[in-house]
Structure formats: structure tokens, C-alpha cells
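Notes for the one structure printed next.
Below, chains carry the letters A, B, ... as their sequence lines are ordered, and counting in each starts from 1.
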Amino acid sequence: MSMQCQLWMGSLEPNMTESFIVAAFHRMGQRPLTVKVMRNKFTGEPAGYAFVHFQTDEEAIDAMHKLNGKPIPGTFPVVRFRLNTASREARANMQSEREFSVWVGDLSSDVDDYSLYRIFATKYNSIKTAKVILDSSGYTKGYGFVRFGNEEEQRNALYAMNGYTGLGTKPLKICTAVPKPKSAIPTQNQSAPNSSAAAYNSGTEYNQYYDPSAYWQNYSAWSGYYGQGEQAAAVVPTTPVAEVAAQTAAAAAAKTQSDELALVEHKKCIDIDEMNQEFLQPELSLWDGLESSQWFPNEIVEIHC
DNA sequence: CGACGGGACGC
DNA sequence: CGACGGGACGC
């Protein structure tokens, strides 16, 4: 994923200057090179987002996973880092680059983007990003998405990481994920940006804060991640998976039909236990079996156009 | 005709 | 259980 060493940063308030944002990253232990706050082309008003440049893609990705969802230092009421990969090229290539992602459920409240990322990164080197979905108050919704660079790792993670223990307090639940459409339907209830922006003009400038602290250095202390996560990652539960040997040509036909109908059903997970009761056979890879038999359960067939 | 792949500044 | 707030490229 080439992303030109930069992140997109949203949820900016009009009084957040470039120097304030740089300082906020510094206080969180990150070293962005530059920040460019984008402005409305015509009015010159801050557009509410910025591009944050780093020396390398790795630094940018690292900062994204470590800071996304965390409070921005110096904001009150709290505003949280809202970070994403960004680049002209990435946007241009979005359509051509297929994305292979899994939905991860049963995340306990202590799981953040970074710990989720690290757990998967120990096993899957094509991993691109990991994201825990938070509500408006910054609390986890208990699920997230992990994106891979190739289908093999995505499929492998579907069963290898299902039921995984060692991240948070609950066994992970893994399902196929349908990538969110890049350009969603434009919201029709777009309120006038000026009115909301004016409400923030309270005279408070977020620009005088610069207090490099050991925030990130303490991450391991408060996250309880280091050590425990790495150790657990090495112990991959050998969940028995179903052998799928006796599938029919009719099922393969059903897959093709589903493709053509472009049905998308992303709310169902593979139920390994149920499958195991049907096909009792440990040791064999579910997906290898599925692939060789050309059979796919309808629930997990999805289409990428 | 027919939908790829080239191209990439530096603040 | 659950499916990514929305906002995305200036000069």
C-alpha cells in the first residue's frame, strides 16, 4: 500500500492550527514531518481535515494504529484522533486494488487499533490496517476490521484466528467482511458548514500547546499489550476445522449464481462448531477444502466488482 | 475500437 | 450481538 507517507486526519475544529496538530502528534510520541490543514477553496475556512506527512509509510501506519481513536492532547472537550491512510495515488488505485478484509468481533474494551494490528501482523505479513470501531464517545463497539493485501492470508485468518485467545479477554470471532464502498451515497442532509464552524469560534486557539511528554512510551504500561500479546500470538489455537470433502456440483453452481446476483450478506459468520458437527475431521484446512471442492457456503460468498 | 496503465513538484 | 458517523486533495 503505497500511501506517500501521509495520513488523512479528520474531525478537526477550525481553531486547530498546523502547529497545534504537529505538537499533538509529538506529545503522543510521533514525529510527523509536516501537517497541512486543508481549507475551503472559496471561503478559505478550514475544511476540517488535514494531511499529515511522515518520513516513511511505516511511520505513518504506525502512528495511525497507535493514535487513532485516542484523545488529542490539549482538546477540551475531548476530540479524538481520526486518522486514515491517504494519498492521491491511493485514492486513484482504490478501485484497482482489491481489498481483503475480515470482520473481527467480540473485542473487549481494552482492544485498540494497535493491539489488533500487532496480533495479526505477527502472522500475516500482507496486513495493511486494523481498525476498532468506536462510538461517538470513543468506546469500542466491540468489533473491527483487519485488511490484508492478498486473499490467501484473509482466508487463512478466517479460520486460524477464529476463536483466538490472547487479545483482550474474549476469544475472537472472525467473519468475512465486505469492504465499505469508497464513495458512499452523498448525504442529502448536509448542513451548511459555515454555521457549525461559527459555533466553534470561541476564541480558543489550539496553538500554544507544546509539551513533549512520554505518552507513547507508557503505552505498554497502560495497554497491557507488550509481552502478553506477543506471547499469546505464538500460541495459535489448533481449532479443529471442518473437512469439506463431499460437496456437490450443485453447490458450486449456487456459488456462481450468487456471484451473478451480486448478493452481499455480511452479517453472518462461519459457524465452525456447526460445521464440525457435520464434518468431523480435525487438522484439515477448511478453506483448502472449500477451495478444492469448489464449494462455498452461501453466507460467505461475496462479490467484488 | 473500448476501459489499461502511466505518472508522480514540493511546500 | 455487531458491519466501518462524515468529512478526502490546497497552492
Inset, instruction - May I have the distance from E13(A) (atom CD) to dG7(C) (atom P), rounded to whole angstrom? - result: 18 Å
Inset, instruction - Pick base, sugar-phosphate or nothing for G48(A), based on heavy-atom distances below 4.0 Å to the nucleic acid. - result: nothing
Legend entry - Distance between C1' atoms of dC11(B) and dC9(C) (Å, rounded): 14 Å
Legend entry - Donor-acceptor pair (no angle test) under 3.5 Å: R147(A) side chain, dC4(C) base: yes
Inset, instruction - Could you state the atom-to-atom distance from CD of Q4(A) to P of dC11(B) in whole Å? - result: 15 Å
Inset, instruction - Please state how far atom NZ in K170(A) lies from atom P in dG2(C), giving the value in whole angstrom units. - result: 13 Å
Legend entry - Backbone N/O of Y139(A) and side chain of S137(A): donor-acceptor pair under 3.5 Å: no
Legend entry - Rounded distance in Å - CH2 (W8(A)) to P (dG6(C)): 11 Å
Legend entry - Stacking check W103(A) vs dA3(C) (5.5 Å / 30 deg): yes
Inset, instruction - Identify, between L134(A) and G105(A), the residue whose nearest nucleotide on DNA chain C lies closer to the 5' end. - result: G105(A)
Legend entry - Consecutive-pair stems (at least three Watson-Crick or G-U pairs, under 3.5 Å) that include DNA chain B: none
Inset, instruction - Check the distance between dC11(C)'s P and M38(A)'s CE and give it to me in whole angstrom. - result: 8 Å
Inset, instruction - Mark yes or no for a side-chain to base donor-acceptor pair under 3.5 Å between S11(A) and dG7(C), with no hydrogen or angle criteria applied. - result: yes
Legend entry - side-chain N/O K173(A) vs dC1(C) OP1/OP2, d < 4.0 Å: yes
Legend entry - Aromatic Y114(A) / basic K66(A) pairing, under 6.0 angstrom, 45° off normal: yes
Legend entry - Which residues share a side chain to side chain donor-acceptor pair (under 3.5 Å) with E153(A), sequence neighbours left out: S126(A)
Legend entry - Partners meeting side chain to side chain donor-acceptor pair (under 3.5 Å) with D106(A) (sequence neighbours left out): none
Inset, instruction - Based on the glycosidic angle (syn within 90° of 0, else anti), state the conformation of dG7(B). - result: anti
Inset, instruction - Check the distance between dG5(C)'s P and L12(A)'s CG and give it to me in whole angstrom. - result: 16 Å
Inset, instruction - Quickly work out the L107(A) CG to dA3(C) P distance and round it to whole Å. - result: 13 Å
Legend entry - Shortest side-chain distance from Y143(A), nucleotide among dG10(C), dG5(C), dA3(C): dA3(C)
Legend entry - Under the side chain to side chain donor-acceptor pair (under 3.5 Å) test, residues paired with Y124(A) that sit two or more places apart: N156(A)
Inset, instruction - Check whether the side chain of D106(A) and the base of dG2(C) form a donor-acceptor pair under 3.5 Å. - result: yes
Inset, instruction - Please indicate yes or no: is the ring centre of F145(A) less than 5.5 Å from the centre of the six-membered base ring of dA3(C), with the two planes inclined by under 30 degrees? - result: no
Inset, instruction - Rounded to the nearest angstrom, tell me the gap between atom CE in M9(A) and atom C1' in dC9(C). - result: 17 Å
Inset, instruction - State which residues pass ring pair (Phe, Tyr, Trp, His ring centres under 6.0 Å) with F120(A); sequence neighbours excluded, sorted by chain then number. - result: none
Legend entry - Rounded distance [0.5 Å steps], NZ in K128(A) versus CD in E99(A): 6.5 Å
Legend entry - Partners meeting side chain to side chain contact (heavy atoms under 4.5 Å, CB included) with I133(A) (sequence neighbours left out): K131(A), K141(A), Y143(A), F145(A)
Inset, instruction - Return the nearest nucleotide to the side chain of A177(A); candidates are dG10(C), dA8(C), dA3(C). - result: dA3(C)
Inset, instruction - Give a yes/no on whether any side-chain N or O of R82(A) is located under 4.0 angstrom from OP1 or OP2 of dG5(C). - result: yes
